[in-house]
Number of protein chains: 2
Amino acid sequence: MNTPPSMVRLTTQRQILLEELSKVNTHPTACELYKMVQKRLPRIGLGTVYRNLEIMVDSGIILKLELGGEQKRFDATTEPHYHVRCTVCGKMDDVTLQVQEEITKKAAEKTSYKIIGHLLEFTGECPDCQKAQAAKTKEADTA
Amino acid sequence: MNTPPSMVRLTTQRQILLEELSKVNTHPTACELYKMVQKRLPRIGLGTVYRNLEIMVDSGIILKLELGGEQKRFDATTEPHYHVRCTVCGKMDDVTLQVQEEITKKAAEKTSYKIIGHLLEFTGECPDCQKAQAAKTKEADTA
DNA sequence: TTTAAATAGGATAGTAAGTATCATTTATAA
DNA sequence: TTATAAATGATACTTACTATCCTATTTAAA
Ligand SMILES: [Zn+2]
Ligand SMILES: [Zn+2]
Ligand SMILES: [Zn+2]
Ligand SMILES: [Zn+2]
């Protein structure tokens, strides 16, 4: 604790980025956020979105989810919580399951690593994709 | 169960790829495996490595680890198990912790997704990076 | 209030992991 | 042996993300 954390300026871009992220519970990707923010700031650059998301992650204002899947996703809810990912469409949602603090202790006993925390992601099929799948199966049966 | 799974030909490249992956417990990336295999097959292409790893993942011979981190890693141990990732150097190791089957049931009660499974990854600092960090701190103190 | 330094933005070029394409080679089957 | 299919290796391409650079804006000093 020697140097104070550098002050993060709350610019228009950052404010709107944070507002848009806070509006949704879809855990959008940087690209999705770019499109959302563009409606309010048509001249914003994609680089600015990436840069500011990273800055906000570093200062603890938002979370970066880099679990399974190709793209990183962002979350305005900073309290530790778990997620489900649809293996069909890639959509992510929160799972309101108590965070298992004790599991890190158990893991620490089993390894020579200094354990900091854990990432838990559930995989499954979202309601939409379940419906689509059901419709498809029905269609195949009647054909 | 209508069409039988397409037979995967065990080519030299695939065999050596699997052998090299089975030799180590470091959960190598595609690029690392490429370098390992190149020593025995100098003319192999990087595309072949990627292609065959994907084929072996699809046929269940190996596992693809795509949780946190930038690159996908591969694992010849197909039984479900957990991993630790070093947040400094990216190295991954197994954690011989009992797989929590019941956690997927708990999650299933909390969401409208059809839960298939879960991915759990611990984050921490590997012994090597701990040592390096300690040496660095000491150096800074004496300076 | 003017001026200088620091910070941030937007445009654009670059990076790197991974994927697609395609001609050639290898394996399998008729 | 020949036809068919599958796999390889070289290469081009895609894409998520990062770095660079110049301009604009904000902040602080003079
Ligand atoms: Zn879905
Ligand atoms: Zn969330
Ligand atoms: Zn390490
Ligand atoms: Zn493993």
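Heavy-atom basis, side chains included; hydrogens, waters and symmetry copies ignored. Chain naming here is simple, since letters A, B, ... match the order of the sequence lines and numbering starts at 1 in each.
- Here A:Tyr50 pairs with nothing under the side-chain hydrogen bond (donor to acceptor under 3.5 Å, both in side chains) rule; sequence neighbours left out.
- A salt bridge does not link A:Lys131 to A:Glu125: none of the charged side-chain nitrogens sits closer than 4.0 Å to a carboxylate oxygen.
- A salt bridge (Lys or Arg N to Asp or Glu O under 4.0 Å) check over residues 83-92 of chain B, counting only residues at least two apart or in different chains, returns the pairs B:Arg85-B:Glu121, B:Lys91-B:Asp128.
- Residue order along DNA chain D, read from the 5' end via each residue's closest nucleotide, puts B:Leu41 first among B:Leu41 and B:Glu70.
- If you measure from atom CZ of B:Arg73 to atom C1' of C:dG18, you get 15 Å, rounded to the nearest angstrom.
- A straight line from CD of A:Gln71 to P of D:dT18 spans 13 Å, rounded to a whole angstrom.
- Residue A:Gln13 places at least one side-chain N or O closer than 4.0 Å to OP1 or OP2 of C:dG10.
- Residues passing the ring pair (Phe, Tyr, Trp, His ring centres under 6.0 Å) test with B:His118 are B:Tyr82, sequence neighbours excluded.
- Here D:dT25 presents its P atom at 17 Å from CG of A:Leu10, a figure rounded to the nearest Å.
- Checked for salt-bridge contact, B:Lys35 and B:Glu32 miss the test: no charged N lies under 4.0 Å from a carboxylate O.
- Between A:Thr29 and B:Arg14, the residue whose closest nucleotide on DNA chain D is further toward the 5' end is B:Arg14.
- For the pair A:Glu32 CD and D:dT15 C1', the interatomic distance rounds to 15 Å; values are reported in whole Å.
- With sequence neighbours left out, B:Glu102 forms a side-chain hydrogen bond (donor to acceptor under 3.5 Å, both in side chains) with B:Gln100.
- In the set D:dA16, C:dG18, D:dA5, the nucleotide with an atom closest to the side chain of B:Arg9 is D:dA5.
- Ranking D:dC17, D:dG9, C:dT19 by closeness to the B:Arg43 side chain, first place goes to D:dG9.
- Between the OH atom of B:Tyr34 and the C1' atom of D:dT8 there is a distance of 13 Å, rounded to whole Å.
- Applying the ring pair (Phe, Tyr, Trp, His ring centres under 6.0 Å) rule to B:His83 yields the partners B:His27, B:His81; only residues at least two apart in sequence or on another chain are considered.
- Contacts between residues 44-66 of chain A and DNA chain D, counted as heavy-atom distances below 4.0 Å, involve A:Tyr50.
- Under 4.0 angstrom from either OP1 or OP2 of D:dT8 there lies at least one side-chain N or O belonging to B:Thr11.
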